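Report on the structure given below.
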Amino acid sequence: MSTVRLTVGQAVIRFLVNQYSEADGVERRLIAGAFGIFGHGNVAGLGQALLQNDLDPEPDGGEMPYIMPRNEQGMVNAAAAFAKSTDRTQTWMCTSSIGPGALNMVTGAAVATTNRLPVLLFPSDQFATRNPDPVLQQVEDPVSPLTAATDSFRPVSRFFDRITRPEQLIPSLMQAMRVLTDPADTGAVTIALPQDVQAEAFDFPEEFFAKRVWRIRRPMPEPAAIERSAAMIRAAERPLIVSGGGTIYSRASEELRAFASATGIPVSDTQAGKGAINFDHECAVGGVGSTGAKSANVLAAEADVVIGIGTRYSDFTTASHTAFRNPDVQFVNINVGAFDAAKHAAEMVVSDAREALVALGSALEGWRVAAGYSAEIAELRDEWARATEDCYTVGHQPEPAQIEVFGALNELMKDTDVVINAAGSMPGDLQALWRAKTPTQYHVEYAFSCMGYEIPAAMGVKLALPDSEVVAIVGDGTYQMLPMELATIVQEGLKVIFVLLQNHGFASIGALSESHGSQRFGTRYRKGTVAHNADGELLPVDIAANAESWGLKVLRVKTIEEFKQAYREAEAMDRAVMIHIETALIGPNPPSSSWWDVPIAEVSRIDSTQQARAWYEDARKPQRHYL
């Protein structure tokens, strides 16, 4: 057996440049590039390997493009967004130094895993030999020297390993590729690399570095499960589809539209599933759950069979188990993962979404919902369309409402453009109001709802979809969490449009606090000489100027008409640009039609809290397990 002598770091890069994914007959490099922030631990290990590849990629079998980001969490968020934008067929690797650099990636790992998005992480680790003990930035555990800071990745990774001998790399990387390309079990893959092991040489077998194609599975549905599901649907009078992210990752949009057209079953969507069916389809009823549209939530409340397609049923989707109120409701769950398919005592169809929709469509051929139900669907759709238009044109004074900005963007952005958001009140407004025509257009991270996601995500999406206009909506609170990847975006010459909504506070948590009896405590950006739940002098923080200091072109506007003009200007530019607009801190928001379980203090000396607790006790009465 022929071998090649390489360090562990060099072997990692040579292996990764030769790994490919295949979906629907199309091959792609699985690891499209490397993000890395170097310090002690990886600068002379993986850093040296990336340099060597950069100087002469031919011996490795190909280039490993490298980008220098500014924050470890940011680079993982960018990798996750890239993976989402490629329907999980590609991702980036991320490497960090030991200690704080490594732990900065943990939040990003959680974002990826909760959203079922593949990312490959190489945090550096303490010495395997323990010669320097404790090494700089080592977390010492007096109970076990085996414990390391990187153990923090275990609960947020779908695969975790620590390489303490070079030969361990071979099976570990093979398992890593399996998880990255597994449609059911994908998420963060973490391989901790002690800094001495990264630099250690070993005679690796040459066949380890041969080109490998990892084929992304499309599991076929069990015929008996399709028959049982079809029988349940045929017996239903008020069926409802809940379409999640799995529909999009399966590229099943065409099949979903055809299934809905043939059966007349209304299609609601989750945050991850919005756009799988075009909003103007006759069966599209909008977002469902806590931040959903009334058109979907009215149908959900009375549905007798709920057909979940590629959804994990988060508490926002089920409105904390209050959305589906029919006492006899049953579930049919189509999911590539048995874990999600089994939720709510469902009839399980463990299958690829596209294949299951085709099979279920055949089994239901000739069947359609009653004409009266179709008429009700049409009436609810029309009613919510009018409500959406009212929100988009509310004409709020003196500052515009953020929903008016969303309306302008919805009007101006093309079908292939991408809107990005993640946290605060904006995802709720967007799920309720955004009119998506394609699966590409809507990119909202709401599984982990990570503040600070939007800016690095814009970088990842633009790298994946260079021909699309990428628009990241960023609140002033989110901006202050993680703005530094703006420098990376400028560094790489990426054209991204940022829409900065400045409302001088946390609008989402402020509204939640007020509605739950806590009077917007600690949610306003004011000088600290006033009470934390009161108005006061605004902070002299100029986010627009800060963005300019990162190298962006900034357009300051005050009105919606000025915003529209600025967007057209930004669209014509070939550089990163920010549109800065002041918006109202307190509403208005879309009319609510659902609930979210946020427990309120059972006893209190504050009248507003006492009143909110009484409301809470009443609101949670419909809550139940679906059995």
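In what follows, residues are counted from 1 in the order of the sequence shown. Predicted model only: the values in this text are computed from it and were never measured.
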Taking all heavy atoms of [X] and all of [Y], pick out the closest pair and write down the distance.
{"X": "F448", "Y": "T114", "result": "CB-OG1, 3.5 Å"}
{"X": "V17", "Y": "G62", "result": "CG1-O, 3.7 Å"}
{"X": "I455", "Y": "V474", "result": "CG1-CG2, 4.1 Å"}

Under a 3.5 Å threshold, yes or no: a donor from one side chain and an acceptor from the other, between [X] and [Y]?
{"X": "N333", "Y": "Y313", "answer": "yes"}
{"X": "Q138", "Y": "D133", "answer": "yes"}
{"X": "Q168", "Y": "R162", "answer": "no"}
{"X": "R28", "Y": "T86", "answer": "no"}
{"X": "S250", "Y": "R218", "answer": "yes"}
{"X": "S96", "Y": "E72", "answer": "no"}
{"X": "D597", "Y": "S320", "answer": "no"}
{"X": "Q10", "Y": "Q48", "answer": "yes"}
{"X": "E485", "Y": "T488", "answer": "yes"}

[atom1] of [X] to [atom2] of [Y]: how many Å apart, nearest 0.5 Å?
{"X": "F209", "Y": "L16", "atom1": "CZ", "atom2": "CG", "value": "10.0 Å"}
{"X": "M75", "Y": "M105", "atom1": "CE", "atom2": "CE", "value": "5.0 Å"}
{"X": "I334", "Y": "M348", "atom1": "CD1", "atom2": "CE", "value": "12.5 Å"}
{"X": "N546", "Y": "S549", "atom1": "CG", "atom2": "OG", "value": "4.5 Å"}
{"X": "S468", "Y": "K495", "atom1": "OG", "atom2": "NZ", "value": "11.5 Å"}
{"X": "I420", "Y": "Y442", "atom1": "CD1", "atom2": "OH", "value": "12.5 Å"}

More than 12 foreign heavy atoms under 6.0 Å from [atom1] of [X]: is that the case here?
{"X": "R212", "atom1": "CZ", "value": "yes"}
{"X": "E63", "atom1": "CD", "value": "no"}
{"X": "E207", "atom1": "CD", "value": "yes"}

- Please list, chain by chain and in numerical order, all residues satisfying salt bridge (charged side-chain N to carboxylate O under 4.0 Å, His left out) with K84, sequence neighbours excluded.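 With neighbours one apart ignored, the set is empty.
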- Query: Can L482 and N77 be said to form a side-chain contact (heavy atoms from CB on, under 4.5 Å), step by step?
  - Reply: CA-CA 11 Å; L482 204 68; N77 287 344; 4.1 Å; yes
Can a donor-acceptor pair be found, under 3.5 Å and without considering hydrogens, that links the side chain of [X] to the backbone of [Y]?
{"X": "E454", "Y": "A422", "value": "yes"}
{"X": "T113", "Y": "V156", "value": "yes"}
{"X": "N42", "Y": "G45", "value": "no"}
{"X": "Q19", "Y": "F15", "value": "yes"}
{"X": "Q431", "Y": "D269", "value": "yes"}
{"X": "S351", "Y": "P219", "value": "yes"}
{"X": "R251", "Y": "D87", "value": "no"}
{"X": "Y249", "Y": "P183", "value": "no"}
{"X": "D185", "Y": "F159", "value": "no"}
{"X": "R14", "Y": "P59", "value": "yes"}

May I ask you to decide whether [X] forms a salt bridge with [Y], counting only side-chain N to carboxylate O separations under 4.0 Å?
{"X": "D182", "Y": "R158", "value": "no"}
{"X": "E22", "Y": "R215", "value": "yes"}
{"X": "D340", "Y": "R312", "value": "no"}

- Query: Can you tell which of L46, T164, T95 makes a side chain to side chain contact (heavy atoms under 4.5 Å, CB included) with L193?
  - Reply: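 Per the side chain to side chain contact (heavy atoms under 4.5 Å, CB included) rule, the option paired with L193 is L46, out of L46, T164, T95.
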- Task: Verify side-chain contact (heavy atoms from CB on, under 4.5 Å) between L552 and V496, making sure each step is shown before the conclusion.
- Result: CA-CA 10 Å; L552 270 69; V496 176; over 6 Å; no
- Task: Give the C-alpha distance, both sets of side-chain angles, the deciding distance and a yes or no for side-chain contact (heavy atoms from CB on, under 4.5 Å) between S124 and Q198.
- Result: CA-CA 9 Å; S124 298; Q198 285 189 47; 3.0 Å; yes
- Establish, yes or no, whether a centroid distance under 6.0 Å links the rings of H321 and H344.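 Ring-ring flag for H321/H344: true, centres closer than 6.0 Å.
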- Examine W214 together with Y20 and report whether their ring centres are nearer than 6.0 Å.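 That pair fails the under 6.0 Å test.
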- Measure up the F208 and F204 rings against each other and bin them: parallel (under 30°), tilted (30 to 60°), perpendicular (over 60°).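 Ring orientation of F208 relative to F204: parallel.
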- Indicate the ring-plane relationship of F316 and Y446, choosing parallel, tilted or perpendicular according to the 30° and 60° boundaries.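 F316 vs Y446 ring planes: perpendicular.
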- Message: What I'd like to find out is whether the side chain of M64 reaches to under 4.5 Å of the side chain of P57, using heavy atoms alone.
- Response: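 No, every pair of side-chain atoms sits at 4.5 Å or beyond.
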- Message: Less than 4.5 Å apart, side chain to side chain, heavy atoms only: is that true for Q271 and T291?
- Response: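 Yes. Closest side-chain heavy atoms under 4.5 Å.
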- Message: I'd like to check the ring-ring contact (aromatic ring centres under 6.0 Å, His included) partners of F339; sequence neighbours left out, ordered by chain and number.
- Response: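 Once residues adjacent in sequence are excluded, F339 has no partner under the ring-ring contact (aromatic ring centres under 6.0 Å, His included) criterion.
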- Query: Passes side-chain hydrogen bond (donor to acceptor under 3.5 Å, both in side chains), T147 versus D141? Steps please.
  - Reply: CA-CA 6 Å; T147 301; D141 182 356; 3.0 Å; yes
